[in-house]
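All heavy atoms count here, side chains included; hydrogens, waters and symmetry mates do not. In what follows, chains are A, B, ... by sequence order, proteins preceding strands, each numbered from 1.
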There are 2 protein chains.
Amino acid sequence: MSSVPAFKRLPRAVREQQMLDAAVKVFSRRGFHAASMDEIAEDAGISKPMVYAYLGTKEELFVACLHREGTRMMQAIAGAAVPDLPADERLWRGLRAFFGFVGAHRDGWAVLYRQARGEQPFAGELASMRARLVEVVAGMLDHALRAEGREIAALDLEVVAYALVGATESLADWLADHPDADPEKTATRMMNVAWLGAAQLLHGVTWRPPAD
Amino acid sequence: MSSVPAFKRLPRAVREQQMLDAAVKVFSRRGFHAASMDEIAEDAGISKPMVYAYLGTKEELFVACLHREGTRMMQAIAGAAVPDLPADERLWRGLRAFFGFVGAHRDGWAVLYRQARGEQPFAGELASMRARLVEVVAGMLDHALRAEGREIAALDLEVVAYALVGATESLADWLADHPDADPEKTATRMMNVAWLGAAQLLHGVTWRPPAD
DNA sequence: GCGTAACCCTACGCACGAGTAGGTATGCTC
DNA sequence: GAGCATACCTACTCGTGCGTAGGGTTACGC
């Protein structure tokens, strides 16, 4: 008397995605340590041993989340990249893609940005992703500078890029906390902060500390 | 035969500070959940029950750390504030004080910025401190704008301020990870990013998204 | 229709770490 | 120098949550 099973069996690939969805959700709300494998399993509509069977230990699961969300984000940005465009337009497209991603994946962003930062074992993972972003931005600035026949020390350039990335992340965080906010508009605001300052730098205008 | 005790008894106020020092150190390295009260006690050169007797539960201890480091930081910034100065000079002094603090209290900064962010119960504590900073920056911008006879929607102003604060925090983070970096120089770099852009905004220059 | 592999479960072992019970020693006051 | 408060300890209890042992059921190939 095989009654219809209450919940159907699903292929591994599907279940894995469901688990990752649940994990991202729980990790983003509770943080790595406070999140429990039981809650993740329950949220995924599955039992705990399945999670271990498919995704491994808690750390491995978190890394898997990081990877999925990270590559999604990078792809969203890369997909918007168009070479041979003026620097400001490239920056604009990158920002738009980025804020679009954050707006659509607020949980994923929270895991990436808020959680992975503090936890020792994963900070490196995150830092390398961020480093790639910084590199891209610094590259853009450098490219634009050379086009103007100017040059700035590599370290300074990196630090400026770092600040711009930080400002962007900060606004993304603001966006994640304001569900009714518009990603597009946020990107515009970021452009106003970033580009106006960067454009000045590109034209050789710099600020110097006052004497004394 | 009362030999000299290996470790002497100390008044409560002193021990509390030692405990807070140890707690800040351990929390900054491990994060709230991964940090253990045993390790904190050991690092403070004291036994665990003393920590409970003086500073209370783990959560209360963390909040105490947050408070001490937070007020230290706010005081460092407030101490550098001089009203009746042009906006750029005020910003410069604030930034210098801020980066000076971070350079001198890297552990404290790590607790504030990297740890308190993710953990649910404390995010609010941190957010309110940050909100005060954003308010100060937004106030400065608003003040400078009015002096120019201009005005910007309050929301836009807040978001710009938010981005600037984010960029600053990001550079602080960079500073915390580069022990040999110079806080003063970092502050100058931040000024270059922040002020050049802000000055443009103040003069009514804005960036608009391209058609299409 | 039968083996086998993939999917899925309930129910545990076990370590780690928060918080406490109950007691000892030291210095300070009068 | 008796009394008392304060500083300090060792040695526990007990909950929570990671990870697993051991087994059941459905689909699918042949």
Side-chain angles (χ1 to χ4, degrees), chain A residues 1-23 25-27 29-65 115 118-122, chain B residues 1-65 115 118-122:
Chain A
M1 107 158 197
S2 66
S3 68
V4 179
F7 294 92
K8 40 185 173 174
R9 294 154 73 93
L10 292 172
R12 176 168 185 152
V14 175
R15 272 278 130 88
E16 276 183 349
Q17 291 308 310
Q18 292 179 347
M19 290 176 188
L20 286 175
D21 290 341
K25 186 171 147 192
V26 174
F27 280 136
R29 274 164 190 41
R30 304 238 191 266
F32 175 74
H33 282 282
S36 84
M37 294 297 269
D38 290 274
E39 184 177 355
I40 291 171
E42 188 185 356
D43 198 286
I46 213 79
S47 77
K48 202 168 38 152
M50 288 306 299
V51 181
Y52 280 89
Y54 284 176
L55 279 325
T57 71
K58 194 181 183 184
E59 291 209 356
E60 289 167 344
L61 174 59
F62 191 81
V63 169
C65 290
Q115 310 301 341
E119 315 290 347
Q120 230 40 26
F122 317 115
Chain B
M1 121 160 189
S2 65
S3 68
V4 179
F7 293 93
K8 41 184 173 176
R9 294 155 71 93
L10 292 173
R12 174 167 187 155
V14 176
R15 272 277 132 86
E16 276 182 350
Q17 291 307 311
Q18 291 179 347
M19 290 175 188
L20 286 175
D21 290 342
V24 165
K25 187 171 147 193
V26 175
F27 279 137
S28 77
R29 274 163 190 40
R30 304 239 191 267
F32 176 73
H33 282 281
S36 83
M37 293 298 268
D38 289 275
E39 184 178 355
I40 291 171
E42 188 185 354
D43 198 285
I46 213 79
S47 77
K48 199 165 45 152
M50 289 305 301
V51 181
Y52 280 89
Y54 285 175
L55 277 326
T57 70
K58 193 181 184 185
E59 290 209 354
E60 288 166 346
L61 175 59
F62 191 80
V63 169
C65 291
Q115 309 302 340
E119 315 290 347
Q120 230 41 25
F122 317 114

Handout entry: Side-chain N or O of A:Arg15 closer than 4.0 Å to phosphate OP1/OP2 of C:dA6
Key = no

Handout entry: Distance below 4.0 Å between A:Arg12 side-chain N/O and C:dC8 OP1 or OP2
Key = no

Any side-chain heavy atom of [X] within less than 4.5 Å of one from [Y]?
{"X": "B:His33", "Y": "B:Glu119", "value": "yes"}
{"X": "A:Met37", "Y": "A:Tyr52", "value": "yes"}
{"X": "A:Glu60", "Y": "A:Leu55", "value": "no"}

Problem - Annotated protein contacts, base or backbone, on nucleotides 11-16 of chain C with a non-hydrogen cut-off under 4.0 Å, one of B, S, - each - result: ------

Protein-nucleotide distance ([X], atom [atom1]; [N], atom [atom2]), rounded to Å:
{"X": "B:Glu60", "N": "C:dG19", "atom1": "CD", "atom2": "C1'", "result": "12 Å"}
{"X": "B:Phe27", "N": "C:dA18", "atom1": "CZ", "atom2": "C1'", "result": "12 Å"}
{"X": "B:Met19", "N": "D:dA7", "atom1": "CE", "atom2": "C1'", "result": "10 Å"}
{"X": "B:Ile46", "N": "D:dT6", "atom1": "CD1", "atom2": "P", "result": "17 Å"}
{"X": "A:Tyr52", "N": "C:dT10", "atom1": "OH", "atom2": "P", "result": "16 Å"}
{"X": "A:Leu55", "N": "D:dG19", "atom1": "CG", "atom2": "P", "result": "13 Å"}
{"X": "B:Ile40", "N": "C:dG17", "atom1": "CD1", "atom2": "P", "result": "12 Å"}
{"X": "A:Lys58", "N": "D:dG17", "atom1": "NZ", "atom2": "C1'", "result": "8 Å"}

Handout entry: Exceeds 12 heavy-atom contacts within 6.0 angstrom, atom CD of A:Glu42
Key = no

Exercise for the section: Check whether more than 12 heavy atoms from other residues, nucleotides or ligands sit under 6.0 Å from atom CD of A:Gln18, and answer yes or no. Expected result: yes

Once you apply a heavy-atom cut-off of 4.0 Å, does [X] come out as touching a base, just sugar-phosphate, or nothing?
{"X": "A:Ala41", "answer": "nothing"}
{"X": "B:Ala35", "answer": "sugar-phosphate"}
{"X": "B:Met50", "answer": "base"}
{"X": "B:Ser47", "answer": "base"}

Can you tell me which nucleotide in [options] comes closest to the side chain of [X]?
{"X": "B:Ser36", "options": "D:dA7, D:dC18, C:dA18", "result": "C:dA18"}
{"X": "B:Arg9", "options": "C:dC8, D:dG19, C:dA25", "result": "C:dA25"}
{"X": "A:Tyr54", "options": "C:dC8, D:dC18, D:dC8", "result": "C:dC8"}

Fill in the blank from the handout: Exactly one candidate in A:Lys25, A:Arg30, A:Arg29 meets salt bridge (Lys or Arg N to Asp or Glu O under 4.0 Å) with A:Asp43; the answer is A:Lys25

Handout entry: Aromatic plane relationship, A:Phe122 with A:Phe62 - under 30° parallel, 30 to 60° tilted, over 60° perpendicular
Key = tilted

